[in-house]
Amino acid sequence: MTRIVGEEARRLILGPADKAARRLIGAVLVRVLPTGERLSGRIVETEAYLGVRDRASHAFGGRRTARNESMYRGAGVGYVYFTYGMHFCFNVVCGEVGEPAAVLVRAIEPLEGIELMRERRELGARRTRTGGTPASPAAEKKALRDVELCNGPGKLCQAMGIDRELDGVDVLSDGALRLELTAPVRRLGRGTRIGIDSAGAWAARRLRWVEAGSGFVSRPVGKASAGE
DNA sequence: ATGACGATTTACT
DNA sequence: GTAAATCGTCATA
């Protein structure tokens with residue numbers, strides 16, 4: 001399948017975050033490790049963070065700090081932040097320079113490097129549970145299925161090795177983290193964003209997008225479960 | 001300097 | 001369903 005990269009891709013994602021969030025479904029995210037090994041996956045779930053008026057956005061009200069500086073650097077920049085004391089989340093910035101709009105990548109369908117992803121996820125999970133001490137027999141038996149490797153914003157960062165060092169990189173250049181667009185995905189589902197309950201009326205906006213029918217999303221849309 | 005909290009994940013009842 | 005883990009960031013003082 002034809003991959004759209006570089007400046008052509010930048011033009012396609014530049015604009016309102018809701019539009020960019022839809023366009024990014026189906027795009028391929030590629031991580032090139034320092035060893036040269038490749039990890040990649042198709043984006044199957046995104047959320048739009050519209051800009052300074054969006055109460056759920058880190059840039060709400062024009063807030064601009066060291067943490068969210070990348071959001072202001074223009075379309076194609078990656079915004080990686082650390083949260084809950086243990087997880088990273090990855091966004092693709094889609095606004096003009098100075099306008100902090102971005103798309104949170106919430107889930108990908110693993111394509112390349114699946115066994116490396118599994119190692120990272122299982123090691124990480126063990127470390128979280130035991131604080132670095134030897135794992136219990138039960139923990140050692142823990143085996144993650146493919147569908148559990150990247151079905152959440154923190155999980156995919158752990159699997160792909162995305163951390164603070166990749167904050168601010170241009171994902172439309174040939175670097176350690178690359179974005180390759182494909183033809184638009186037709187079958188989309190939408191729902192409300194997850195984990196933003198304190199955002200008032202903005203929490204009700206349906207700014208979350210998934211590839212319809214994908215089994216690799218963090219949670220299905222369209223049901224009355226928490227977060228919908 | 002301090003305290004509250006988070007665009008999450010996991011385990012447990 | 002609920003709670004714990006775990007710490008950088010930010011607003012307040």
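Letters go in sequence order (proteins before strands), and every chain restarts at 1.
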Atom pairs under 3.5 Å: protein N/O with N/O of nucleotides 11-13 of chain C:
none

Item to complete: Could you check which of B:dT10, B:dT8, C:dC7 has an atom nearest any side-chain atom of A:Lys155?
Response: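 Nearest nucleotide to the side chain: B:dT10.
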Worksheet item: Which nucleotide in the list B:dA7, B:dT10, B:dG6 gets nearest to the side chain of A:Ser198?
Response: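 Among the listed nucleotides, the one closest to the side chain of A:Ser198 is B:dG6.
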Specify the separation, in whole Å, of atom [atom1] of [X] and atom [atom2] of [N].
X: A:Arg67; N: C:dG8; atom1: CZ; atom2: P; result: 13 Å
X: A:Asp197; N: B:dG6; atom1: CG; atom2: C1'; result: 12 Å
X: A:Glu69; N: C:dT9; atom1: CD; atom2: P; result: 14 Å
X: A:Ile162; N: B:dT8; atom1: CD1; atom2: C1'; result: 15 Å
X: A:Ile196; N: B:dG6; atom1: CD1; atom2: C1'; result: 13 Å
X: A:Phe82; N: B:dC5; atom1: CZ; atom2: C1'; result: 14 Å
X: A:Arg219; N: B:dA7; atom1: CZ; atom2: P; result: 15 Å
X: A:Met86; N: C:dA4; atom1: CE; atom2: C1'; result: 8 Å

Worksheet item: Using atom P of each nucleotide, how far apart are B:dT2 and C:dT6 to the nearest Å?
Response: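 The answer is 23 Å between these two P atoms.
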Item to complete: Could you tell me the separation between the CZ atom of A:Arg219 and the CG atom of A:Asn151, rounded to the nearest 0.5 Å?
Response: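 One finds 11.5 Å between CZ of A:Arg219 and CG of A:Asn151.
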Please determine if a side-chain N or O atom of [X] lies less than 4.0 Å away from the OP1 or OP2 oxygen of [N].
X: A:His58; N: B:dA7; value: yes
X: A:Arg205; N: B:dA7; value: no
X: A:Thr83; N: C:dG8; value: no

Worksheet item: Is there a path of hydrophobic side-chain contacts, each under 4.5 Å between heavy atoms of I, L, V, M, F, W or Y residues, that connects A:Met117 with A:Val105?
Response: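 Shared cluster, yes.
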Worksheet entry | B:dA7 pyrimidine/purine six-ring stacking with A:Tyr49, under 5.5 Å and 30° |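 One would call A:Tyr49 stacked on the B:dA7 base.
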Practice prompt. State whether A:Arg193 and A:Glu47 are salt-bridged, where the test is any N-O pair (Lys NZ or Arg NE/NH1/NH2 against Asp/Glu carboxylate O) under 4.0 Å.
Written response: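 No salt bridge links A:Arg193 with A:Glu47.
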Discussion item. Any carboxylate oxygen within less than 4.0 angstrom of a Lys/Arg side-chain nitrogen, looking at A:Glu8 and A:Arg11?
Written reply: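 Here A:Glu8 does not pair with A:Arg11 in a salt bridge, since their nearest N and O are not under 4.0 Å apart.
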Discussion item. Any base atoms under 4.0 Å from A:Tyr84, or only sugar-phosphate, or nothing? Heavy atoms, all strands.
Written reply: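 Contact class for A:Tyr84: base.
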Practice prompt. Pick base, sugar-phosphate or nothing for A:Leu104, based on heavy-atom distances below 4.0 Å to the nucleic acid.
Written response: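 Here A:Leu104 touches the bases of the nucleic acid.
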Worksheet item: Do A:Glu109 and A:Ser214 get their side chains close enough for a donor-acceptor pair, meaning under 3.5 Å?
Response: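 Result is no, nothing qualifies.
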Discussion item. Please check if the number of heavy atoms outside A:Arg187 that lie under 6.0 Å from its CZ is greater than 12.
Written reply: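 Open: at most 12 neighbouring heavy atoms sit under 6.0 Å from CZ of A:Arg187.
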Worksheet item: Within a radius of less than 6.0 Å around CD of A:Glu112, do more than 12 heavy atoms belonging to other residues, nucleotides or ligands occur?
Response: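 Atom CD in A:Glu112 is crowded, with more than 12 foreign heavy atoms closer than 6.0 Å.
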Discussion item. Could you tell me if the side chain of A:Val52 sits less than 4.5 Å from the side chain of A:Glu99, heavy atoms only?
Written reply: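 When only atoms from C-beta onward are counted, A:Val52 and A:Glu99 do not touch, as no gap falls below 4.5 Å.
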Practice prompt. Could you tell me whether the side chain of A:Leu104 reaches within less than 4.5 Å of the side chain of A:Asn91, counting heavy atoms only?
Written response: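 The answer is yes; the side chains approach within 4.5 Å.
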Practice prompt. Output all residues satisfying salt bridge (Lys or Arg N to Asp or Glu O under 4.0 Å) with A:Glu69, sequence neighbours left out; order by chain, then residue number.
Written response: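 Scan of A:Glu69 (salt bridge (Lys or Arg N to Asp or Glu O under 4.0 Å), adjacent residues dropped) gives A:Arg64.
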Worksheet item: Which ranges of DNA chain B pair up as stems, where a stem means three or more consecutive Watson-Crick or G-U pairs with both distances under 3.5 Å?
Response: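 In DNA chain B, stems of three or more pairs: B:1-6 with C:7-12, B:8-12 with C:1-5.
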